[in-house]
Structure formats: C-alpha cells, structure tokens
Visitor: 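My questions will all concern the structure given below.
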Amino acid sequence: MKKTNRFRTVLIGCFLLIAVGALVLTSRSHAQEPRAIYMDVTKPIDARVEDLLSRMSQEEKLALVHADSKFTSAAIPRLGLPRRWLSDGPHGVREDVGPDNWLPAGRTDDFSSFMPALIGLASSWNPDLATAYGKVIGEEARQRGKQIMLGPGMNIMRTPLNGRNFEYPGEDPFLTSRIVVNYIRAVQAEDVSSCAKHFAANDQEFERGTINVEMDERTLREIYLRPFEAAVKEANVRTVMSAYNKFRGSWCSENDYLQNKILKEEWGFKGLVMSDWGGVHSTRGPVLNGLDLEMGTEKPTYGEFFMADAFRDGLKSGEFAQSLLDDKARRNLRQIIETKAIEGRAPGFLNTKDHQAAARKIAEESFVLLKNDNNALPLDPKQVKSVAVIGENAIALQAYGGGSARIKAFYEITPLEGILRKMGDRANVSFSMGYSEKQEDELANQAVQAAKQADVVIYVGGLNHRRYYDAEGFDRKDMKLPYKQDELLSRLVEANPKTIVVMFGGAPFEMESWLQKVPALMQAWYPGMEGGNALANVLFGEANPSGKLACTFPKRLEDSPAHAMGNYPGKDGVVRYEEGLLVGYRWFDTKNIEPLFPFGYGLSYTRFEYSNLHVNQAQDGVMTAEFEVKNVGARAGGEVAQLYVQDLKPRLARPTKELKGFKKVFLKAGESQTVSIPLDRRSFAFYDPERKAWASEKGTFKILVGSSSREIKLQADAKLAQSVYDK
Ligand code: GLC
C-alpha cells in the first residue's frame, strides 16, 4: 500500500510540475505575443477594423448583418464582441421589449427620462439645447447598455397631418440640420451611436410601408436629404436607418441611388445603414444596394432573415461577391469599435438632476407664445387667487404614447401638477376635464361652471398620442381639434374672458373659431417629464417664453402646399412632391398666402428691436452679416434673430426666401448685442441637376433679417462676384 501511495504522490508532483511549467510558458508567450491590433485602443480605427475583420469567420461576419432578437445583433464571444443593443428612440431610451416580439419585456429597471418632443426642441431654436438633449440621451443609453440609439428622426414636415410630425424638427432643412447635428454629436460623445432616420422621404405615415415617393432632384437635395447630409458630413453620424417607403420605384432599404451612390459614395458615409423594422423585402436588392444591417423582419427564425441563410447561400453560389459581405461587416465593426464594445464604456447615468434640469430648460424654451393681448401673460402669482385648470391634457400622461418613441418614464409632471406646485399654497386651483373621448357635453358644462368662478382659466388642450392624432403608423384626417374643443373654448372664454389657452400637439391645427376671443395662446408641443413645471414657470413669469415656430400654422389645411396641389396622400400607391422646393413657408411666401402664424414666429414677455445691418463681403464668397438686437422691454428675454437669403435673379426657380442662419440671444432689459451670422457659398447655393453640383452663382442677393419669416426688420444686398459649383 505504502509503495502505491508514494508512487501516486510522485505522479501528482510530476503533473503539477508540468502544469505550472505550461502555465509559465503560456503566460510568457502571452507576454511576448503582441496585443491584437483590434484590441489596442491606441491604434487607428481603420487598422483595428481591418485586423478584426481579418480574424473573423464567414459565420461571424454574417452574424453582424442581421438581428438575433428584436433589438440586438449577436455577440461574437471568441473575439470578445458582446451582444449589440439598439434602442428607440428620439425622446429617450425606450423600455425593453421582446426579445422576439413587441411586448414589454417586463423589466423593472428600464425606466428612462422622458424628454420633450423633437418638434419642441426645434422650436427652441437653440442648438446648445440640442447638445444638452443629446448628452442626456447618450448618458442614459450607456446606463441602459445600448450601443445604438434610434434617433434623431429628421424627416421634413411636408403635411401638417403626418402622425409623426412630433418626432421631427419641423419644415425647414436648415433649422432641422442645426438641431440634429448638435444632438448627434452629443449622443456620440457618450460612446453611443446615433441614427439618422428615416432615409429618405418618409414624410407621411399613410401607406408608409408601401408608398412610392416621387420628387425632382433639386427637391430631394435641397430639402429632404439636406438634414441627412449634415448629419453625415458635420456630425459624422454612425448609423442611418432606411425608410419603409419606396423612392423612385425601389424600396429605400435597397435603393442603390440613395444608399450607395449618394450616402456612401458621394457623401463618403463610412457607418452602417440599417433597415427599419420589417423594411427588408428580399435578399439580392439589400445585399447589392447598400444595406448593412437587417432589423425587425417578421420571420419565424433569424436564419430566415433575408440577409442570413439566403445571403450565405448566395455567397457560396457566387451570386454575391465576398467583398459585399466584407464591406457590410466592416461598417458594423466600425460602429462596434467606435462605441468601445471591446474595451468597455464608463457607466452611464439615469434621470439625474442635470437630466431633469435639461428637460425643464428645453421645455421652457420650446414653448411658443402665439398670442398675448394686453399682456394677459405672465400671470401674477400674487394677484391670482383662484385658477380653473381645464382640459384633459392638464392631467394626461404623454410619455407612453406615440409609437416607437414611447418612454417608460420615471415620472412626468403634468400641467396641473406643475400649476399646483407653484400656486397650490396661495390660490384655489380647481380642475375640470372639459372634454374627453366621450361625455363631452356633461364635461363641458362642468368646465364652464368652473370657469365662471375663477379669476383665471388655464385651458390645456390640443392633440394627444391616440391613433389618428400624433401617433406613428397613422396620419391625422384633418387639422381640426378633436373632442369638440372648439365649441368648449368659445363657451369658456364667454364664461371667463381671462382664458389662457395652452395647446399640446406635434403639428398645426385649426383654431379660427375661437382664436380672436382668447387673450393668450401658447403652443407647448409635448414638453416631456418636466413639462408641468416648465409650463408653470412660464405662465407665472418665472421664465420668459422664447420659442419660435419650427413649422407654419396655416389658416386652413388646403392652404398647405401638399394639400393645395392635391398631392397628399398620393394615389394608386404613389405620392408626388409636385410642390417641389415650396414646402412650408417657402410655399406661403412664394405664393403670397397669408398663414395664421408664420414659420419662425413667437412672442416674448419683452420686446426686441433690430438695427444696423451690414454685410461684410469676403472674396471667397464667405460673408458675415452683422446687426444689433436690443431688448427694449422691461424684463430679460431670449430672441431668435433669423436670417433669410433671397436670390434676386435666380437662373432656376427658387423660393422667394430661404432660412440660412439664426442666432438666439438672451438680453437683459435695455441690453443690446451685436449679432454676427456667418454665410458661406452653400448659403447662396441651389442644387444644379445638370451639373450634379451645388451652384452658388454670381449675382445679387438680399439678406433679410427678422424675428420671423414674415417679420423682416432689416435687409441688405450681398453680391457673389463669381460662380462656384461644388460637386
Ligand atoms: C419603427 C419606426 C422606427 C423605429 C423602429 C424600431 O417602425 O419606424 O422609427 O426606430 O421601428 O422600433
């Protein structure tokens, strides 16, 4: 027995010696073996991408180009690549769903901050707030473990009826570009990828999954692609989402002209193009025409996705060149490496005091004061002894509505709550529903009674995220306010002339039946989780409204270009943008149609004056317009000075004016500031379809400076001495 034990001890000892020796050898070899380039954060991104690509098997490359759940693509553990998470949306990090359906995942840790709608952010005309907004999105996405945030949306408000107008920054490509560029830069500074969507011309929800959009090349370039071009060239956006619709006859997700020719070749986009969810319809088209990531296809298994097994088969059969898969994989790897998937990211933050402060500030600056007769606003919190708050939107929660932009919010301060917090201890605040989807008459009668008994009425109405109002997948049927609000408002203001009207909603609505009767009207859009506090601050004078309309409010729908020409919602599956460049104010100003409220319009509790415009002409066509803005009122406030360019003798037809610059200034009472707005060649250029270039042609232009597109305060001439064509 003893011998055996001794032998066993010797044997174990030998084994241990060998094991330790092997360990020493491998660790030394590891120490000697250089770190793989793709793992070395000091190496250039391209080198890391190529190194990683060179190490990947075909199956690993294929795993990058299609989903493996509703909002993920597969991990590649062998190479240290974690599962990649995508998440909606533009207004905050959506709750988790699935994994293989749209049902909530039932988590308790997927609450997020609920930010104001993008139409509201745009109405602040404050690119610094777009930066603050993006920072919130990026920090929360990181905390929630998301690598790609599916926003900002940047489609153009072509019709007031688009159900997703609330998600987009309005009707003008220049304002939209300034907002989305800062938003994207800020998100991506947080090691999160942004997503420019929906590329392109998804400007209505009606038949969005099948409709074919037709428009001329100048309209495409100067209006509908312009924000995407800015997102790529100025913000280096890492992902683009192709739209559901067709463009010039082919699905956007397999549109060679949009995705390969313009986005990747002409603009030099090096990121990835993903489909919208369910927006892929075949294998060959997307594979050949620039799709890099297939998401949301309704198939029983992920292998049946169009860019999965079928793609593999096509590579094997030789139908598809290997370079096609390699390019797609390369673009995905770039996005993965740029968001530090390998070395890992710092922890993020959720719903911090800074996030809440940003949400409140953005909401305050998003409100547009459209009417304020005899300084009805701001209300004096010392004078007001009773307030009747009326309207469903005073208590409605908006966060969890609207479609893919919905948020499971930590909290949402409603208008009523905001008013109660500010006034509850010094005034009698009552609430009446006023309207709802049913019982309007009874609710209206109660509201009228409440109005009679109060010093002041604060009405909070407008639209909501119910189907056929501001909701994805559906357009509105008209511009009318729902639930008999027009009738109610007339009755309320008769019962109490001091009826302040606050409207929620993502787009214009008809209001002529009561507008002249009410003393004050403010557009609040969807102001997010701090909306009620922001609203109370503005209504009771703690904050001075400084928002300006990011869209024209027409008097009637048929005045709107897409409707005036009968080009909405299209016919037999085709929608033709025959109004061309004349979208929004471009139409109203060129056709001389009086809007109800013009693009860029918004009042303040103070007043501003403009003077001394002069344009410093530089030789290379770069100029600076300088002028004075003075606060001539009794309180501090913000003003958005806008600069429009008018081509006096255009070679090709052009809108009578186009927004090419703006600056938001904050001035104390009596203070004035010199505002300087730079102009470059693109400020004067139109797209020349013959030359396939941006043409800034010699000639004389008018520089128009004002407080809205129709309140031009100053003008000056500007000359371009030569013509330049930028390919
Ligand atoms: C939706 C939307 C898109 C969203 C995606 C994922 O259909 O069109 O904006 O990001 O699917 O929810």
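Both counts, for ligands and for their atoms, begin at 1 and track the order of listing. Basis for what follows: all heavy atoms, side chains included, without hydrogens, waters or symmetry-related copies.
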Visitor: With only distance considered, is Trp102 within less than 3.5 Å of ligand 1 through an N or O on each side?
Guide: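 No: no nitrogen or oxygen of Trp102 is under 3.5 Å from one in ligand 1.
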Visitor: Sub-3.5 Å donor-acceptor pair from the side chain of Arg476 to the main-chain atoms of Tyr469, do we have one?
Guide: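 It does not hold such a pair.
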Visitor: Measure up the Trp525 and Phe553 rings against each other and bin them: parallel (under 30°), tilted (30 to 60°), perpendicular (over 60°).
Guide: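 Ring orientation, 0 to 90° scale: perpendicular.
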Visitor: Looking at non-hydrogen atoms alone, which of Met241, Met295, Glu472 comes nearest to atom 1 (C) of ligand 1?
Guide: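 The nearest heavy atom belongs to Glu472.
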Visitor: Examine Arg164 against ligand 1 and note whether any of their N/O atoms are separated by less than 3.5 Å.
Guide: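 Between Arg164 and ligand 1, an N or O pair is found under 3.5 Å apart.
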Visitor: Can you tell which part of Lys70 has a heavy atom less than 4.0 Å from ligand 1: side chain, backbone, both or neither?
Guide: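 It is neither part, as no heavy atom is under 4.0 Å.
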Visitor: What protein heavy atom is closest to atom 4 (C) of ligand 1, reported as residue, atom name and distance in Å?
Guide: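 Result: Asp88 OD1, 3.3 Å.
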Visitor: Does ligand 1 have an atom that lies less than 4.0 angstrom from a heavy atom of Arg208?
Guide: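 A heavy atom of Arg208 does come that close to ligand 1.
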Visitor: Could you label the plane-to-plane angle of the Phe311 and Phe320 rings as parallel, tilted or perpendicular, counting under 30° as parallel and over 60° as perpendicular?
Guide: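 Correct class here is perpendicular.
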Visitor: Hey, can you tell me if Trp102 and Phe71 have their rings parallel, tilted or perpendicular (30° and 60° cut-offs)?
Guide: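 Correct class here is perpendicular.
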Visitor: Just to be sure I read this right, does ligand 1 sit under 4.0 Å from the backbone of Glu205, its side chain, both, or neither, counting only heavy atoms?
Guide: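 Near ligand 1, Glu205 shows nothing, with every heavy atom at 4.0 Å or more.
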Visitor: What are the two closest heavy atoms between Glu205 and Glu472, and how far apart are they?
Guide: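 Reported closest heavy-atom pair: OE1-CG, 3.5 Å.
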Visitor: Who's the nearest protein heavy-atom neighbour of atom 11 (O) of ligand 1, and how far?
Guide: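 For atom 11 (O) of ligand 1, the nearest protein heavy atom is Asp276 OD1, 3.0 Å.
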